[in-house]
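Inspection log for the structure reproduced underneath, given as structure tokens.
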Amino acid sequence: MAMAVAQHRESSSGSINKHLCVDTGKYVRYTAEQVEALERVYAECPKPSSLRRQQLIRECPILSNIEPKQIKVWFQNRRCREKQRKESSRLQTVNRKVSAMNKLLMEENDRLQKQVSQLVCENGYMRQQLQTASGATDASCDSAVTTPQQHSMRDSNNPAGLLSIAEETLAEFLSKATGTAVDWVQMPGMKPGPDSVGIFAISQRSGGVAVRACGLVSLEPTKIAEILKDRPSWFRDCRSLEVFTMFPAGNGGTIELIYTQTYAPTTMAPARDFWTLRYTTSLDNGSLVVCERSLSGSGAGPNAAAAAQFVRAEMLPSGYLIRPCDGGGSIIHIVDHLNLQAWSVPEVLRPLYESSKVVAQKMTIAALRYIRQIAQETSGEVVYGLGRQPAVLRSFSQRLSRGFNDAVNGFNDDGWSLMSSDGAEDVIIAVNTTKNLATSNPINSLSFLGGILCARASMLLQNVPPAVLVRFLREHRSEWADFNVDDYSATSLKACSYAYPGMRPTRFTGSQIIMPLGHTIEHEEMLEVIRLEGHSLAQEDAFVSRDIHLLQICGGVDENAVGACAELVFAPIDEMFPDDAPLLPSGFRIIPLDSKSGDGQDKMTSHRTLDLTSSLEVGPATNPSSGDGSTSQGMRSVLTIAFQFPFESGLQENVATMARQYVRSVISCVQRIAMAISPSGSSPAMGSKLSPGSPEALTLAQWICQSYSYYLGAELLRSGSPGGDSVLKHLWHHQDAILCCSLKSLPVFIFANQAGLDMLETTLVALQDITLDKIFDESGRKSLCADFAKLMQQGFTYLPSGICMSTMGRHVSYEQAIGWKVLAADENTVHCLAFSFVNWSFV
């Protein structure tokens, strides 16, 4: 009996040990060599298949004692640890940013509290002064005004005097950047918070306008200061910046005497220059400061001959305060305070020189956006097309802007001279026979041309939103870009037809393809390549390629942007344009003036240029207001047009005649477009055609909604939405991406709402060159093919979540896609197919 019990215990113990060995085998401890081998495989393939894991065991003897299931678990754990590590790093970065933003908001709150206290004290003081003699009040005001101007009496010709001015500049700048020296007012249209922009108008006695911006940038202070001090690299209106003198100051700082030239925005005003002192120093708290102000004396700086075409403007204490953040990054405060001498321009243009919005849009916001762009490019967050590097694309944008500014201004020291007019002063013709367009590659050089001719003009527009006009000019080039010149002028162009790509005598047939290259992080500016299809005007040129390629930047298309200056600038390029391709930019610039009715006017409905061609064909539009209170009455803007043409020796007069004729035809087209656009208040493309042979936009919108309700038994638009014209408006602003494609063997998109255009990162014109299959990945195409028969049979289908691709190459994820047939109500036939992508976002 005892032996039996012992044997039973022994067998039970062995069974337990056996099970323990199996269990402990599930949680093997890997050796360093095994982990190294697994890590090498993980680096190549984080999620190996079953066959790959078995192959790994066969190829690596050190892993032979490990089961495939255990290796599978190791890779699962490794992926989980990697995901946790990335998420932890991301959360730490977010936490640092939130802490920095919180600190910035607390400082702003403290500043506002001090400002409130100061205003209360001033209010009590003013009440007391109202009860005293008026003479005492006048005396106090005079003393307060003369104090800021005392620096102009200092001697700026010796280092001691310059150091004294620099210290005063630093104190005044810091009081503007973070203190209560001025009453900052939040800029209309800007959200409060760490990225806020404050504006204020200085009193007439002090002169000028000023802007302040602050934000968080993921770059170190020294790098930010280096970028911002190189003003021509980011300030598109800066023609040149020359440091005349530099010497060290206390605390490791430097003092520089700088001469700066800026372009005039239009042909109707002279350019500006500045003679300033720039002081760079560090504060005790570790902050870096770059502050600047004008020095007294209009004759100071370079010789008078170099500045003959400029009006000396004044820069009051301005600059950058850059404070490092814990964990990386910086908080930057930017102050721009200028007196642009508005008296020197025609009265109609003075709002441009007295508007803090214009200064903010051109300088302050531009500086902050540029710094953020560099930061995102450095971190690899920006995706660009056609394999171009960010620095190369920035270079193209800057060269286009600079070339257009050169054409608009036509400075004598650049070789420009005016030609005699033909009696009318509407178009100014300037010639430059010294401009060298040579590049490092002789094949791409244009130095053998006789010269460059520029035809430019400016005009005042009434009740035309700049963003709407630029969008129309961009999307409907056929309305104004036809080289429809007479035979005499065509002969002039033919002489240099092969000297400059894209400038041979060609008639534009209306077809254009927009190929995006890149855009800034807030999409306020886009760089793209345009391909125009046309036919030659000369029979002997029939063998030459008919297509014209243009490199183009388009900016200011957002109507809600603050003080936006809208531009469309382009230059002909070779089809395989190199990085140093010569550029002769031409284009349009539209600058809004302050409205007669003030800044409180309601804005037009955005994205109103689906197509206005039908309105143009019948003359000025007469559509009444939609009744939503939107209006553009009282809106004024200045349009500047500049077109450049190369010419060979002996053909200057012929090309000048052609240029006048062509630019006048462009002006006529723009005036006609402006008349069609100016009546405001209609919904997007009200009563217009989407494309030749398509129904009106409003009709198509009604068909889309009615067909959705018919097949799916639900309403596409939210219940309670009013009918009639507002159907298109609500569909256009629907949160889901809605796209329609044709019923062809290769379906092509014919319509998209705003969310659809944003998802595909394209325009309504370029949309019609995108096929349905191109936007899906491999699994998405398989799912679509599997359900396409179901869609055609029952009229609708649901596609599972997946990934699609934008035209910029970015991946877009969506929760669900719904497809349905769109029925033409009057014919009861299928007009097209519609797709709705629910809860989409960029990956």
Side-chain angles (χ1 to χ4, degrees), residues 90 93-105 108 177 187 189-198 211-238 287-288 290 319-336 359-384 388-398 401 517-527 553 555-558 560-565 761 808 810 842:
R90 186 188 68 82
T93 302
V94 171
N95 183 58
R96 287 195 300 266
K97 290 184 178 180
V98 171
S99 299
M101 290 180 179
N102 182 58
K103 181 180 178 181
L104 193 60
L105 287 173
E108 184 69 7
M187 177 174 283
M190 296 294 294
K191 296 179 180 179
D195 301 330
S196 63
V197 177
V211 190
R212 186 193 70 158
C214 54
L216 181 64
V217 181
S218 57
L219 289 175
E220 295 303 314
T222 53
K223 180 65 174 178
I224 294 175
E226 177 187 350
I227 295 173
L228 292 178
K229 289 174 73 172
D230 185 16
R231 192 172 293 144
S233 67
W234 58 266
F235 184 27
R236 298 289 178 81
D237 285 351
C238 182
S287 300
L288 187 61
V290 181
Y320 320 107
L321 170 62
I322 312 166
R323 299 185 296 171
C325 294
D326 297 336
S330 307
I331 295 175
I332 178 173
H333 295 259
I334 305 176
V335 173
D336 290 306
V359 175
Q361 195 261 346
K362 288 192 172 184
M363 292 188 65
T364 318
I365 300 177
L368 195 56
R369 283 173 172 169
Y370 186 80
I371 289 293
R372 286 179 172 160
Q373 186 80 20
I374 297 295
Q376 289 209 6
E377 290 174 0
T378 304
S379 63
E381 299 178 29
V382 184
V383 179
Y384 292 92
R388 299 282 176 167
Q389 294 298 317
V392 174
L393 297 182
R394 282 202 311 273
S395 173
F396 276 124
S397 299
Q398 291 163 359
S401 295
L517 278 179
H519 54 73
T520 49
I521 55 177
E522 297 181 18
H523 293 259
E524 72 276 359
E525 182 179 280
M526 298 170 287
L527 181 67
I553 56 172
V557 295
D558 183 5
N560 298 319
V562 177
C565 167
E761 296 187 289
M808 295 293 293
R810 290 207 285 176
F842 290 107

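Given the structure is predicted, the values throughout are model-derived calculations rather than measurements.
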Any Ile365 side-chain heavy atom under 4.5 Å of Glu524 side chain: no
What I'd like to find out is whether the side chain of Leu228 reaches to under 4.5 Å of the side chain of Val290, using heavy atoms alone. no
Quick check: closest heavy atoms across [X] and [Y], and the distance to 0.1 Å?
X	Y	answer
Leu219	Ile371	CD1-O, 3.9 Å
Cys238	Pro232	SG-CG, 3.8 Å
Trp234	Ala366	CE3-C, 4.3 Å
Leu517	Leu393	O-CD1, 3.8 Å
Leu368	Cys214	CD2-O, 4.3 Å
Asp336	Met363	OD1-CE, 3.6 Å

In Å, rounded to the nearest 0.5 Å, how long is the span from [atom1] of [X] to [atom2] of [Y]?
X	Y	atom1	atom2	value
Cys325	Ile332	SG	CD1	11.0 Å
Thr378	Gln373	OG1	CD	10.0 Å
Tyr370	Asp230	OH	CG	7.5 Å
Leu288	Arg323	CG	CZ	13.0 Å
Ile322	Thr222	CD1	OG1	8.5 Å
Ser218	Gln376	OG	CD	7.5 Å

Please confirm whether the backbone N or O of Ala177 pairs with a side-chain atom of Arg212, one donor and one acceptor, at under 3.5 Å? yes
Mind checking side chain to side chain contact (heavy atoms under 4.5 Å, CB included) for Ser397 and listing every partner two or more places apart, or none if nothing turns up? Arg236, Glu525, Leu527, Ile553
Does atom NZ (Lys229) have a neighbourhood of more than 12 heavy atoms from anything else shown, all under 6.0 Å? yes
